[in-house]
Amino acid sequence: MIAEGGAQLGRLAAHRLAQLGCCVIEAGLTDAEVARIEREYGFEFADDHRAFLAAGLPVHEPREEEPGVGYAWERPWPDWRNGDPDELRQRLDWPIDALLRDVEHGHWQDAWGERPDSGEAAVDLARSQLDGVPRMVPVYGHRFLPAGHGGFGHPVLSMWGSDIIYYGADLLDYINQEFEGPRPEHPEDWAPQATVPFWRDYL
């Protein structure tokens, strides 16, 4: 059972995505499908994320690629129903793996203690320090929401290694920011509140 506030927010975000007509939306995930996904991949969707995917599952739409433009993700929407399991696991591991790549190239947090001399040793130590940090779940490309039943209304984070920024005050705001185009300007008092331990230190 998910909180009504989370269910409403997820449904509003799904409705807005459908209005924008920017992707193919298949039938939403059933309760049985959600249970299978959470069991198989070892996480729980936040309430608004679950309601969003239950209202309709966005999937990849073939695009005309512009010459000279690079695309980080061939299929930015995670296909939780029919996607390749290894690819889905890689996407779930992305926040940690990308951060460890930054560690290999010099990034370090003082809280981890003294940085080892070698990049390989630094990565090993950082990996041990990152064990147990909150799980992040991909929404689209490298945009993520925190995992966890009972949670909703979290800001959507754009996560690229140690470069982490807000990309929406919540899931509905994120859909507008990502897909409304051109990206709407936030009011001057726009101030998302960091909610995820560890990751919020980068914001």
- Query: Can the ring centroids of F144 and W160 be said to lie less than 6.0 angstrom from one another?
  - Reply: no

- Message: Would the distance check show the side chain of R135 and the main-chain N or O of G42 forming a donor-acceptor pair, the cut-off being under 3.5 Å?
- Response: yes

- Message: My understanding is that only residues two or more places apart in sequence, or in another chain, count here; which of them pass side-chain contact (heavy atoms from CB on, under 4.5 Å) with R91?
- Response: W73, P78, E87, P138

- Carboxylate-amine/guanidinium contact E4 R11, below 4.0 Å: yes

- Message: What I want to find out is whether E180 reaches R16 closely enough, with some N-O distance under 4.0 Å, to be called a salt bridge.
- Response: yes

- Taking the side chain from W199 and the backbone from P134, do they hold a donor-acceptor pair closer than 3.5 Å? yes

- Query: Has R75 got its NZ or CZ under 6.0 Å from the middle of the six-membered ring of W80, at an angle within 45 degrees of the ring axis?
  - Reply: no

- Message: Using the side-chain contact (heavy atoms from CB on, under 4.5 Å) criterion, which residues pair with S128? Sequence neighbours excluded.
- Response: L125

- Going from CH2 on W77 to CG on L53, what distance comes out if it is rounded to the nearest 0.5 angstrom? 8.5 Å

- Query: Quick one: do R50 and D47 make a salt bridge, cutoff under 4.0 Å?
  - Reply: no

- Nearest-0.5 Å distance that lies between atom CD in E178 and atom OG in S158: 8.0 Å

- Distance flag, aromatic centroids of F45 and F52, threshold under 6.0 Å: no

- Task: Can you establish whether the number of heavy atoms outside D110 located under 6.0 Å from its atom CG is more than 12?
- Result: no

- Task: Please check if the distance between the ring centroids of H107 and Y202 is under 6.0 Å.
- Result: yes

